[in-house]
Protein chains: 2
Amino acid sequence: MSVRLAETQSIRALPLFKEMSEQNFAAMMDLSMLQRFPARAEIIREGELPDFLHVVVEGAVDLFATRDGVETTIDILYPISIFIVAAVVRDEPQLKSARTLMPSQILMVPSQIVRATFEREAAFAHGIVAELAARYRSVTRVLKNDRMLTATERLANWILNSARRAGRDEFELPIEKRKLASYLGMTPESYSRAITALESYGVHSRGTTITVTDRSRLTEFARPILNADD
Amino acid sequence: MSVRLAETQSIRALPLFKEMSEQNFAAMMDLSMLQRFPARAEIIREGELPDFLHVVVEGAVDLFATRDGVETTIDILYPISIFIVAAVVRDEPQLKSARTLMPSQILMVPSQIVRATFEREAAFAHGIVAELAARYRSVTRVLKNDRMLTATERLANWILNSARRAGRDEFELPIEKRKLASYLGMTPESYSRAITALESYGVHSRGTTITVTDRSRLTEFARPILNADD
DNA sequence: AACACCACTTGATATTTATCAAGTCACAGA
DNA sequence: TCTGTGACTTGATAAATATCAAGTGGTGTT
C-alpha cells in the first residue's frame, strides 16, 4: 500500500509536491499506491466520488465525458500530470472519466490524505492552487477555441503548438488520429478532411508524422486566439 | 482607496473571505476599492495582466472573449461572485474581458494583496482553492454541454436549471436574449428558433418571461448531462 | 401622437460539420 | 503468404447552425 522512495523522485519534482516538507511528502507516499495499468484500462468513471488524486507517472491518460454512449475527449495527459484535482478538493462527483491510452503507471493518493495534507501544509495548498488555476485556464482556452474557431483552425493551432513544443517543424502524433479528433471537438472524418485542407496552408501529413512546411502561412491561417497555448 | 466597514458585510460572508482573520480581512479591505460602474462599462480587457481581483457586489458582469471583433460570452456573474481568480493567482494575462451589463458595484482588491494574503493566511488560501475548483468545474460543464448537446438542448437545460434555481416554473430572463444566446454558444437568431422549438416540449416564452409548462417533458428532451448544474 | 431606435423574430440561403457508406491501407496472427 | 481487423480516407448526403435580409413590435423621446 505504499510507494518506494526511489520511485518518488519525479513525483517529488512536480510543482504540486515540490515545496512540501519531506515528512508530509513521505507520509503521503506511504499511504499512496503506484499502480500499473494496461492500455485501455478504465481508471475512473464520471459521476463517482473521487477516492484518489491521480498522477500520471508513465504512459498517457484520456479524460473524457460521455452522453448516451457518445464520448468526447476533454483532455489528454502525459507524465507528469495530475488529474481530478477539483473533484478531490471539493469531494464532489467527477465530471470526467479516465482511461489509459497505453500501458501506464499511475500514482494514486487517497483523497482524504490530500485534503488532510492540504489543511496542514501551506506549501501543498499553494501547489494545489497553482495546479487548479492552470487547469482552469486550460479548459477556458479550449472552450474559447471551440466557440470561435472552425475545426480546421483548431487543428491548425494544435499543430502550431505541437511544433513549438517539439522545438522542430516535424513531429509525431502522440495518439490515434480519432482520439486527437475527439480532443479537438470533431469527428475522425472531419479530422481527415481538415488535415487535407491544411496541405494548402503549409502542413504535410504522412502516416503519424506531421510536418509544418510553412510556419508563417499556417499561422496566418490559424489566427490563434490570444494566449491559446494548449 | 479603502472600503468602509459597513459595506463589507456581504463580502465578508463570501466563502472566499469567510474564514479569514478579522485583521487580515480589514487590511485587505483597507487597500481595496469599491467602485461604481455604469452599464456597459469595460472593466478588464483580455490579454492584460490582472491588477485586481474583482468582486461583483451589485449588478451583473459579462465575461467574454473576443476574436476579430466577434465575441463570445463565457460567463455571466451576479452578486456575490469573484472574477479573474486564476489570472491573479498565477499573475498571467487574463483570458477574458469583462464589462458590466447594468450599473454595478465592483470591489477591487489589488493583486499583490491577494497573493500576499494568500501566502500568509491558510484560511484565505483554502477559500481561493474552493473558488478555483468551483470555477474549473463550471467551465468543464459548459464545455461538455457545448460538445455534446445541440443548441436547443443547451437552452432546454439552461431553462430547467434556471427554474430550479428560481424555485418556480416561471421566471424572468435576467439579461438580454442576445447575451443569453452568446452565453449558450449560439446566435440570437438560433436562440429565437430554439425557444420556438421548445414550445412543443413544455416551455412557454413571452417577452422576458419563461414558463416551464411541462417539466418532465422538457427534462426528457433536454437529457441533461450528469452534474451539469450551471 | 409621431418617430426613431433597437432588440427580436422570421424567412431564405449558405456554411460547417456530422452521418452514413464504401473503399483503402497497414499490420498482426494464422 | 494470406487474411482479418480496425484505423483511416473519401464520397454522398443530411443535419445543425450561421449569415443575410426583411420585417415586427415595444420603448423612450420629442
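Sequence lines set the chain letters: A, B, ... in the order given, protein chains first and strands last, and positions in each chain run from 1.
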Using whole Å, what does the distance between atom [atom2] of nucleotide [N] and atom [atom1] of [X] come to?
{"X": "A:Ile195", "N": "C:dT17", "atom1": "CD1", "atom2": "P", "value": "15 Å"}
{"X": "A:Asn145", "N": "C:dT17", "atom1": "CG", "atom2": "P", "value": "13 Å"}
{"X": "B:Arg147", "N": "C:dT17", "atom1": "CZ", "atom2": "C1'", "value": "14 Å"}
{"X": "A:Tyr191", "N": "C:dT19", "atom1": "OH", "atom2": "P", "value": "19 Å"}
{"X": "A:Arg67", "N": "C:dA18", "atom1": "CZ", "atom2": "P", "value": "15 Å"}

Checklist outcome for this item: Whether each nucleotide of nucleotides 15-25 of chain D has a protein heavy atom under 4.0 Å at its base (B), only at its sugar-phosphate (S) or at neither (-) is summarised, 5' to 3', as --SSBB-----
Atom pair [atom1] ([X]) and [atom2] ([Y]), whose distance is rounded to the nearest 0.5 Å:
{"X": "B:Ile80", "Y": "B:Ile11", "atom1": "CD1", "atom2": "CD1", "value": "6.5 Å"}
{"X": "A:Leu63", "Y": "A:Arg135", "atom1": "CG", "atom2": "CZ", "value": "7.5 Å"}
{"X": "B:Asp214", "Y": "B:Leu198", "atom1": "CG", "atom2": "CG", "value": "12.0 Å"}
{"X": "B:Asp62", "Y": "B:Tyr183", "atom1": "CG", "atom2": "OH", "value": "11.0 Å"}
{"X": "B:Arg223", "Y": "A:Arg67", "atom1": "CZ", "atom2": "CZ", "value": "4.0 Å"}

Item to check | Residues B:Lys96 and B:Glu71 bridged, charged N to O under 4.0 Å | outcome: no
Checklist entry - Counting distance only, does the side-chain N/O of A:Glu46 pair as donor-acceptor with the main-chain N or O of A:Thr66 below 3.5 Å? => result yes
Next on the checklist: Strictly by side chain to side chain donor-acceptor pair (under 3.5 Å), give each pair with a member in residues 191-200 of chain A just once, sequence neighbours left out.
Outcome noted: A:Glu199-A:His204
Show me the protein contacts with nucleotides 4-8 of chain C, counting only N or O atoms at under 3.5 Å.
| from | atom 1 | to | atom 2 | distance (Å) |
| --- | --- | --- | --- | --- |
| C:dC8 | OP1 | B:Lys177 | N | 2.9 |
| C:dC8 | OP2 | B:Arg178 | N | 3.1 |

